[in-house]
Every structure is written in C-alpha cells, then in structure tokens.
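Data first, discussion second: the structure below is written as structure tokens.
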Amino acid sequence: MFCSRYLEEHLKSPYDNTSEGEVIMMQQIRETWKTIVEQELIAYATEKLESGDAIREAGPLIVQKPPKSEMGDLAFPLFIYAKVLRTAPQKIAEILRDRLSGRQDLPAGELLAAGPYLNVRVDLDALAQQLYAVVSKQGDSYGTNSSLSQKRIMVEFSCPNTNKPLHLGHLRNDAIGESVSAILTANGAQVHKVNLINNRGVHICKSMLAYQKFGNGETPQSSGMKGDHLVGKYYVKFSQWEKEDPSATEQAQEMLMQWEQGNPEVLALWKQMNQWTLEGLAQTYANTGISFDAYYYESETYMLGKDTVMQGLEKGVFYQEEDGSIWIDLTPINLDKKVLLRKDGTSLYITQDIGTAISRHADWPFDSLIYVVASEQMYHFKVLFYILKQLGYSWAADLHHLSYGMVNLPDGKMKSREGTVVDADNLFDELTQMAMNEIKEKDREDEIKDVGATSKAIALGALNYYLLQVNPTKDMVFNPAESISFNGNTGPYLQYMGARISSMMRKFAAVQDEYENILFDSSLLALHEERELVKLIAVFGEAIEEAGRNLNPAIISSYLYDLSRLFSKYYHDYPILRAETPPLVKARVTLVTMVLQVLRNAYALVGIPFLETM
RNA sequence: GCGCCAAUAGCUCAGUUGGAUAGAGCAACAGCCUUCUAAGCUGUAGGUCAGAGGUUCGAGACCUCUUUGGCGUACCA
C-alpha cells in the first residue's frame, strides 16, 4: 500500500531522536540484548573462521517474541548463520548461551537455548520500576512519541453529500479519520482535520427538484424530522419519480446549470436545504464524537477548479474536444482519458477536487495530505494526483489516498434503492437504547449518575470499536445482531475493564493513607500475568508507532483487547486490594494504576469513551 | 475485456511484515456469583490457511498459474 510506504519514508525511526523522558523501554532492552548477541556471534565467528564478515553477510540478527512466555521474552533465531558457521542452529544457540553465561558485564536476565533459538528472559523488576516512574510522570501522554514532530499532516475525512443523512459507510469513514488523526498526533505530528461538504452537483439538485415538486413547503419543524433525514426523504422520492418520468434526470441537469449561473430561486432553495442537512449532520457528528479543524465546501472550491482546468488547457496539459468538453490524456499512466469539464461547462467531482486541493495547500501548507476515502475511488485519486502533478504542483507527491474497504451486510451490499442502508442515527439510537436496557437489567441505575450519557458512551464505544477492529483496507461485514452484542470482543468489554479498575481505585482511595509509606516494590510482581502486563504496558508506545506507520487503528484496537483480556484474567484470579500483605497490595495497585492509564490513553486513540462507572 | 483488491474455524476477524504446536470473539456444549462490578472467568469441540506449482534451512505470509468473490474502468459522486 503506497501510503504506508510513504509515511515510512517520512518517518524517522522513533528511536533515533528519543528525547529524555520519552522512553520506550522494551525497545531499549531489545536493542541492548541484540547488540550483545550480535557481538558474541561475531566474536565466535572470528575465532572459528578468522573473520566475522560471514555473519554480517548472512544477514542481520533478528529479534522476535517467543510464542510462549515460558520460553522467555526475547528470541533470536539462528537459522541463517548455520551455513556460514557450518554448525546446526541448535548448536549455535548452545554455544552462544554458554559463552554469554560466562560474561559478567551483561544486564540481568537469563539465557536459554531453545532449539534453534537463543532466548532471553529479561529482568522485569527494573523495567517495572522504571515504567512506574515514566507512566506516572507522563500520564495521558504516556505512549506518545515525536517521530512525526516536524510533520504537518492534513487529514480529510467524512465528506458527506448534502442530499441525505449519514449511513454506516460514513461512520466507518469518520471513525477511521478521527482515529488516524489521533494516532498521528500521538506520533507527534501536527494534524489538521478537514471535511469537504459535497454540496453541489447533480445529485444535490435531485433532492431539490423533488422537494420543489412534492415538498409542499415541508420543513424540519413542520415535519418533526431531523433536517438531513427530511432532505434524504426527497432524494429517495426523486429516484421513484425518475422511474416514472424519464425527463427527471434532464431536469436535474438543467437545474445544476441554473445553479451554476446563479438563478436566485434555485440558490435560495439550495441554501435552505443545505442548511437543513448541515444542521442534521452536526448533530450526528456531536453524537459520534467527530470534529474538524476546517470545513471546505465544494460550492466554494469548484470555481477555482474550473479556472485551474482552463489554465491547464492554455498550458497544453489538457485538451478540448469539438463539443467543448475538456479532457486529460492518461495514456502516460496506462489509463485512458478523463473528462474534466462537461461540454455545457459545468464542473464535475474531479474538477472541484482539483480546486479544493489547491486552496487547501494555500490555506495550510502541509507535508502530507491524507484522503480517507472508500476504495471504490482509487481510480479517482490516481487520476487526481496525476493531474495535480502535471499542473506542476510540487506538493502533488505528498497526497495520499487512505483507501478503506466497503461495509457490507451479511446478505450483501448496502443498497439505498432496496432500503438496506443502515442509517447512522438510527443505529446509534438503537445501540444507545440497548445499552440503557442493559444497565437497567443489571440494576446499575443507582450506581451510575447519568444513565443517558453513559448509555451513549457505551453505544459509541461499541460502534467505534466494531468499526476499528478491522484493518481499514479490508472490506468488512456489519452484522446488526453481532454489533449490538456487548459481550466478548466488543467496545463495552474494554470499557468495562476501565470501569472496574476505576471502581477499585475509589475503594483504594479510602484506605490510601495506610499505604502512604510503603514503597512500590516491583520484585513482588512475580506472577506470570504480572510479568505479561508489565511487558504489554512497556510496549504501548510501539503499538502507537506501528499504528501510525501503517495508518491502521486496528493495531491499537487489538492491543487494547490483549491488554484487557490479560487484565481481566489477572483480576479474576488474584486479589488486588485484598492481597496477602500490604506491600503486595501496594505493588498490585501500582500495576493496576498503570494498566488504567494505558487503557485510557488507548481508548482515546480509537474513540472509546472512558467510563468511571458502567 | 483490461486494471486494482481480497480468500484463514459454521460466522466475524487477528496473525508481530519469512520463524517455534495458526490465535481470538460469536454461535454450540460443560462449569464458576455469601469474595475488589458475571458487560466477567474457565474448559470442550471446531483448520488440507480456496487449489496447484515454485523460491527457502523454514511459507498462512513471497512469486506464477487456476478458481471464486468484490470494486473500478461515467460528461455520477
């Protein structure tokens, strides 16, 4: 995928410029051991072959994680050195283990020859102690890094049409856009979130025309409908009418021309209906936690697009057909040709996108602009980027399409004509209602201060997690029955962990004084689950870095799930507040506090609201 | 036709970028609430990683072909 490769180029290794206080500890431990093993390997080869070159030629030493924690924390596969050393990898592992075991200058840890691997069980006491210092100092910023700190990244997402309400596909777009923005910010980038309102074009005229014919002056107030739903009703009406009257499409095309020519009546209707839709959309955004730093409107950028196309024609980048339409030849990139301006002079989707890109770079010069747009539009962006490049904009190379897959239903694609589109507002309301029922069923109403707000937060967590569990590039199936389940690998499961820890912390606060003078002793955290928790906490920053590099929020989702599941088991099996001794209580509470902090930080990256109680 | 993308348990998805016995959730079955929130925990069962070749010490991952599905190839957006 070219956009991840792009970011990789622009992403210095986060470990090159690790500043003080910004510590990625597990990485350091890994690097330290890697250097040690590598040196020993070369030393051994030098003794045996009189040179260590063969080792370097065979390939770099790789560090991995053993499949099971009993096997240690780090693994060095030695297969690739077998040939040059003329020794079985099992034997190399043993030799290295024995040689290294004799050294006194190594960090604490245990060496294991595990078949063809040399494994290391690292000393986690020191790590846990250091983690505690770092997590409590950094708090909400724990896990962030500065790998993109010099970068200004604009992220475009959502981009609704003003002729209908948002549906499930938009929700995926919004969730990805918002999450990717948060992840890039956590990697230190300066992020500018922009929306583009598709408020002009023949499809907009369709709902206007139908309203004009059948609307009878209906308004959101008079009908009690949310503005976007009202406008959407007439868009649907148009397609019905279109079937009966073949001239409908022509009439819509005619209206578009009127609109571009500034017909006052058409403009007034357009403004009115746009406003209704935008008010409705604003509500949906507010519910789903979506926000933007800037809005762009097609109606304001299409003229620039038209002008640019005309200039391109003069410069000879484009050409004109006899009927007056303007085209670009795409044979240099193995495509056919593309129309940029209709024969009647009205602009197209791509025309305005040219204008929008140019005005954006002028408004907020970026190092990178990421378009979060469905994969169906890969061709569109390929062409758009090529056009801008041909027009001579140097920043055209910094444009990237984060193409995400479609959201399908179990029985196939969503089709508006067949009424199988999942409406965003309805879905959200349904989820909220489900959450509320759940709260009542569990008899939690007395504990929860604001049941309404909590229900919404649970609905939002469920929705965002459902949408962000899947790698954005892949198509996904939205199963309504499954999406409203709050058990298992779901947003509420994750929220529940945060709520239970919070509850525990409230109880601990009452007795905190008794533990004031007990120091955190990480050596007491010797359980398997405790070691694993420490390691996971330590590796959070790497998950953020990886999610940023791949523009993939699912990496955070799956990190969150791993952490939650591990914690859940730990919490189920071992007492925390009622641990055997006060120092052990202190140690476990400290660990759990770190888990909570990481949960909160991770929630924020994938749009899961944190709940103190649920 | 051409181009792009995908195929992993009955279903929905992971799979550390080529390493050890392919993992979760849902659904099914069997257990666990006088104990820090049972939106939880444990166990059982479930796999020819679409198929065939190839590269490699080593392939679910890389290459080729085949099959199946999706998307695109609009003077729609």
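Sequence lines set the chain letters: A, B, ... in the order given, protein chains first and strands last, and positions in each chain run from 1.
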What interatomic distance, in whole Å, is found between [atom1] of [M] and the corresponding atom of [N]?
| N | M | atom1 | answer |
| --- | --- | --- | --- |
| B/A27 | B/U34 | C1' | 33 Å |
| B/U66 | B/A74 | P | 25 Å |
| B/G31 | B/G18 | C1' | 41 Å |

(message) Would you call the rings of A/His167 and A/His170 parallel, tilted or perpendicular, taking 30° and 60° as the class edges?
(response)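 Aromatic pair A/His167/A/His170 classed tilted.
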(message) Parallel, tilted or perpendicular, judged at 30° and 60°: which one describes the rings of A/Tyr319 and A/Trp327?
(response)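 Rings of A/Tyr319 and A/Trp327: parallel, as their planes differ by under 30°.
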With sugar-phosphate meaning primed atoms plus P, OP1 and OP2, does [X] contact a base, only sugar-phosphate, or nothing at under 4.0 Å between heavy atoms?
| X | result |
| --- | --- |
| A/Met71 | base |
| A/Ile458 | base |
| A/Gln64 | base |
| A/Asn471 | sugar-phosphate |
| A/Ala75 | base |
| A/Ile576 | base |
| A/Asn552 | nothing |
| A/Phe508 | nothing |
| A/Ala435 | nothing |
| A/Pro66 | base |
| A/Glu321 | nothing |
| A/Ile80 | base |
| A/Thr613 | base |
| A/Ala114 | base |

Which whole-number value in Å describes the distance from [X] [atom1] to [N] [atom2]?
| X | N | atom1 | atom2 | value |
| --- | --- | --- | --- | --- |
| A/Ile608 | B/A39 | CD1 | C1' | 14 Å |
| A/Gln469 | B/A14 | CD | P | 8 Å |
| A/Leu566 | B/G40 | CG | C1' | 15 Å |
| A/Ile555 | B/U16 | CD1 | P | 10 Å |
| A/Leu591 | B/C36 | CG | C1' | 15 Å |
| A/Arg565 | B/A39 | CZ | C1' | 16 Å |
| A/Lys569 | B/A39 | NZ | P | 19 Å |
| A/Gln377 | B/C5 | CD | C1' | 16 Å |

(request) Start with the C-alpha distance between A/Phe540 and A/Tyr559, add both sets of side-chain angles, then the distance that settles ring-ring contact (aromatic ring centres under 6.0 Å, His included), and finish with yes or no. (result) CA-CA 8 Å; A/Phe540 179 48; A/Tyr559 174 87; 5.2 Å; yes
Verify the contact: side-chain N or O of [X] to OP1 or OP2 of [N], cut-off strictly under 4.0 Å; return yes or no.
| X | N | value |
| --- | --- | --- |
| A/Tyr379 | B/G72 | no |
| A/Lys474 | B/U12 | no |
| A/Asn479 | B/C26 | no |
| A/Ser568 | B/C41 | yes |
| A/Tyr493 | B/C41 | yes |
| A/Lys83 | B/C57 | yes |
| A/Lys507 | B/U37 | yes |
| A/Lys442 | B/G40 | no |

(request) Check if the side chain of A/Asn550 and the base of B/U17 share a donor-acceptor pair of N or O atoms closer than 3.5 Å. (result)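 Present.
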(message) I'd like to know if A/Ser375 reaches the base of B/C71 with its side chain such that a donor and an acceptor end up less than 3.5 angstrom apart.
(response)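 Flag unset: no donor-acceptor pair detected.
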(request) Would you confirm whether A/Thr351, through its side chain, and A/Leu348, through its main-chain N or O, come within 3.5 Å as a donor-acceptor pair? (result)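 At least one qualifying donor-acceptor pair exists.
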[atom1] of [X] to [atom2] of [Y]: how many Å apart, nearest 0.5 Å?
| X | Y | atom1 | atom2 | value |
| --- | --- | --- | --- | --- |
| A/Leu168 | A/Met406 | CG | CE | 10.5 Å |
| A/Leu313 | A/Leu340 | CG | CG | 9.5 Å |
| A/Arg444 | A/Met614 | CZ | CE | 9.0 Å |

(message) Can you tell me whether the base of B/U48 sits syn or anti, using the 90° cut around 0 to define syn?
(response)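 Glycosidic conformation of B/U48: anti.
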(message) Would B/C71 be called syn or anti here, given the cut-off of 90° from 0?
(response)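 Chi for B/C71 falls in the anti range.
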(message) Looking only at the side chain of A/Met406 (C-beta and beyond, no hydrogens), which of the listed nucleotides B/G70, B/C57, B/A20 gets closest?
(response)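 My answer, after comparing the listed nucleotides, is B/G70.
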(request) For the side chain of A/Tyr561, starting at C-beta, report the closest nucleotide among B/U12, B/U16, B/G25. (result)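 Output: B/G25.
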(message) When you measure from the centre of the six-membered ring of A/Tyr404, is the NZ or CZ of A/Arg172 closer than 6.0 Å and no more than 45° off the axis?
(response)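 Verdict for A/Tyr404: no cation-pi partner in A/Arg172.
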